[in-house]
Amino acid sequence: FRITVKIEEMEIEDKLCHSLADNEKCSVSYINATVEIGTVKLNHGLEVQLTGINSIKAPKQSFIGKLDVHGGIFSALPHGLGPMAQMLLPLTVYVKTSTLKSETKWIGTLTLGAKKLSQERLLSTLEYIISAGDPSFVLELRDERTVLVGLLPTKASLLLNGLKKGPKTEIEIDETKETTDKNKASSSMKQLPLYMMPLYMIRDEGPLPSFKPNNIRIIYGWIKWWFWPMVLLMISFLILLTPEFMNQNIPHLPYTSTIFGINLNQEEGGIHVNMNDVLPAHPKNMVCAYQLGMINAQINSLLLSNNKNNVENNVNQQLEIDRLLNIASNYVVGGRSDIIESFSTDLTSEKQKQIYESKLLTIEQLNGMLNELIKIENQISIITKVKGFFNFINIIWLFSILGITISIGPSIYNILKPIHKIFEIYCIWLYKNYILPFVLKCHKYYIFEFLIWIFLMLFLTTGIHVHDNIKELNIDISIMICITSTLLVIPSFGYTTLLHSFKIKNQKNQSEFILTIFQLYYFLLCIPLAIKLQSTLYGYLSIISLFSCLGFGIWSNRLCIFIGFSNDNGLNRVCVSSFIILNLFIIFKIFFISSSSSSSSSSSSSSLYDDVNTHLNLNSSLNSNLDLSSNSNNIKYLLPFSSAISIFGTIMFLLSLLIMSCDSYEVRNKNRRWIFYNCFMIIYLLFLIFIGNIYGLIGMSNTAIVFSVLYLMEKYHDFHRHKNWNSWFLIFIFSIIIWRFSLYLHSHPQIIASIFSGTIQ
């Protein structure tokens, strides 16, 4: 016997691959099948034996795959079960394969509804579908790597007839009559060998209607895939937009000393001994140091004018000194203004009031700040040493979080592997009948996924709750707890992706596409957390994720690391986006932050000696004048990203320009574009160095200087390679001009001062 496959029928399969699998070729072509009632449970299930031609590389071993259904069968299901059936697809099936001597033959067997689908329900459902029009549908089978195994068009009537024909009958194969040379086939049809020829085949030979992937199924698949990540994203934005509601209504993990080492019992004061409590008193910043100097001068003046004979005058002087010390207590790190912010409520408990009163500066502490500032400038103060040590601890802490993120999956696997073997040896009955089925069901029905994402959400809300209740006093603790949660999102998303893996239409490289959309998701996830926590680390994570999504990447190979862009489109995307972000940041820095800083400083000086009624009013006054992050919401939103934009954004922009200005970069209209790119590179290097030095963006300036050296090295390489003319004299002349001009500006600083004071004559 031989299978006669017409050329038209092969074209039908090509059309199915085009419409349903985005032109992906079947590893087993022209699949056919026979059906019978399953044997796993008496009179239950539908056993399907697939037979086909191995056109590429069919699965050689049994595998757990996915079975999907396409076509109009859903509208023909009884009782309106079509939408529900679509949501349950694709089905997970176990395919047992059988191999023959010839590499062109493939056989696979699977059973649908082995234990729950009764024979009566199966036959009645098929008869109902036939009465509803008997629509054609296509079975799509994929292996565990989501590689397309084959497509089988069929009908309910064919399945019903196949069941009524009874068991299959094996027919011997004539191996000597095989014809495998496709080039010798006739132009009208192709002769291929028959193997295991069943009595009744269920493949629908056509004509077939046009099949398209069901949009509802695609949308439902995306919803299942992204449901929990989007819930976490929504929580992160709610934390920023509705902080009071989230703090009061969203649960968090218990504060156990074993895990966190934190006690937030409000009745006990709600805080711990902080690093600032054990360090000498020192000002928050230069503005605070100036204000403390003015206060110290006035206190010393009052002490010198102390009149021993006038008791009433001395009492008034002492009250004035206490008032000034009270004001000064708000200008030091960990002072009264920070204490007020650290409590979630007003000063209600006795311990909170005691802590607040203990933060009052003494005259000895105020007089000793000058010596402490001198030590800080010389890097010999205990303050710089202790803070430097804790910066080192935070770096180690961050690397430990990265280690947890990378190793948690393999660690769980290696822990469970010996337990798995022990149960297999000593408790095989308990293991196979209860433990293993329970674990597999938890995996299949997304229970593990649910628990993982709930834990991440609770961990994140715990970090935010620590921040809202302790704030500045334990800011590192809250950030690290939140960072742990957000970094564990990476393996959790990987598990979710594997669990809900499905073919993404029109995406040839699924892994690259999934990585890109995850990087975009991570960028959106880090933005509200960076603003809420005012964290530079989160700012870097968000900016790096954004540029990685646009095309930047780091790849490693043997003895080398590649730092650059995925392709020309990625290079252009990063260049344009970094140019826009960088310019917006510079404009905001010049016209908003600088002006807010100058106006804030002047207003703080004028309001220093204003009378206040309570400490709380004084605290809010000082915060509104001195703290730029709370002075303006715009500054608050930009502050966490300023370092990342000024450094990493500058690197992205200049790196892309450095590549495009290279003589080896191949583009259309190369000569004109080469001149434009190089002129633009030179102008912007000078511009960034200028802006960075003038407006205090040291990271931007230093980055531009580094790329200036790289650019000069690149140009030397280009000119040296061409050897068309000697560039040494040109470099020499320009260097002399720049050297002489720089010396002239240093000897005439009034020119620069007049430019910025608006007195140019």
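Keep in mind it's a predicted model, so treat the numbers as computed, not measured. Throughout, numbering of the chain's residues begins at 1 and tracks the sequence.
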Return yes if some donor-acceptor pair links the side-chain N/O of [X] with the main-chain N/O of [Y] below 3.5 Å, else return no.
X	Y	answer
Ser301	Ala297	no
Tyr538	Cys482	yes
Ser485	Phe459	no
Gln365	Thr362	yes
Tyr540	Phe648	no
Thr242	Phe245	no

In the structure I gave you, are the side-chain heavy atoms of [X] and [Y] within less than 4.5 Å of one another anywhere?
X	Y	answer
Ile527	Leu240	no
Ser643	Ile647	yes
Asn296	Leu370	no
Leu654	Leu688	yes
Leu533	Ile464	yes
Ile321	Ile363	yes
Ile694	Ile590	no
Met652	Leu582	no

Using 0.5 Å steps for rounding, measure from the [atom1] atom of [X] to the [atom2] atom of [Y].
X	Y	atom1	atom2	result
Ile299	Arg323	CD1	CZ	10.0 Å
Met246	Leu460	CE	CG	8.0 Å
Asn300	Leu366	CG	CG	7.5 Å
Ser535	Ile483	OG	CD1	5.5 Å
Ile235	Leu458	CD1	CG	8.5 Å
Leu550	Cys575	CG	SG	11.5 Å

* Run the numbers on Leu302 and Leu324 for side chain to side chain contact (heavy atoms under 4.5 Å, CB included), then give the verdict. => CA-CA 11 Å; Leu302 291 172; Leu324 292 173; 4.1 Å; yes
Over all heavy atoms of both residues, which pair between [X] and [Y] is shortest? Give the atoms and the distance, please.
X	Y	answer
Gly539	Phe641	CA-CD2, 3.7 Å
Phe523	Ser542	CD1-O, 3.0 Å
Lys532	Ile239	CG-CG2, 3.8 Å
Gly649	Ser578	O-CB, 3.9 Å
Ile581	Phe547	CD1-CZ, 4.3 Å
Thr405	Leu487	CG2-O, 3.2 Å

* Asked: Taking the six-membered ring for Trp, are Tyr684 and Phe687 ring centroids under 6.0 Å apart?
  ->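 Judged by ring-centre distance (under 6.0 Å), Tyr684 and Phe687 do meet the cut-off.
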* Neighbour count above 12 (heavy atom, 6.0 Å) for Phe680 CZ ->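 Buried by this count: over 12 neighbours within 6.0 Å.
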* Describe, in one word, how the ring planes of Phe579 and Phe653 are oriented to each other, choosing from parallel (under 30°), tilted (30 to 60°) and perpendicular (over 60°). =>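 Rings of Phe579 and Phe653: tilted, as their planes differ by 30° to 60°.
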* In sequence, state the C-alpha distance, the side-chain angles, and the governing distance for Leu456 and Ser492, and then conclude on side chain to side chain contact (heavy atoms under 4.5 Å, CB included). => CA-CA 9 Å; Leu456 292 180; Ser492 302; 3.3 Å; yes
* State, without any angle test, whether Tyr521 and Ser545 hold a side-chain donor-acceptor pair at a distance under 3.5 Å. =>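 Not at all, the side chains of Tyr521 and Ser545 share no donor-acceptor pair under 3.5 Å.
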Distance-only check: which donor-acceptor pairs under 3.5 Å involve side-chain atoms of residues 700-712, not counting sequence neighbours?
unit_1 : atom_1 : unit_2 : atom_2 : d
Ser701 : OG     : Asn693 : ND2    : 2.8
Asn702 : ND2    : Ile698 : O      : 3.3
Thr703 : OG1    : Gly699 : O      : 2.7
Ser708 : OG     : Ala704 : O      : 2.7
Tyr711 : OH     : Asn678 : OD1    : 2.8

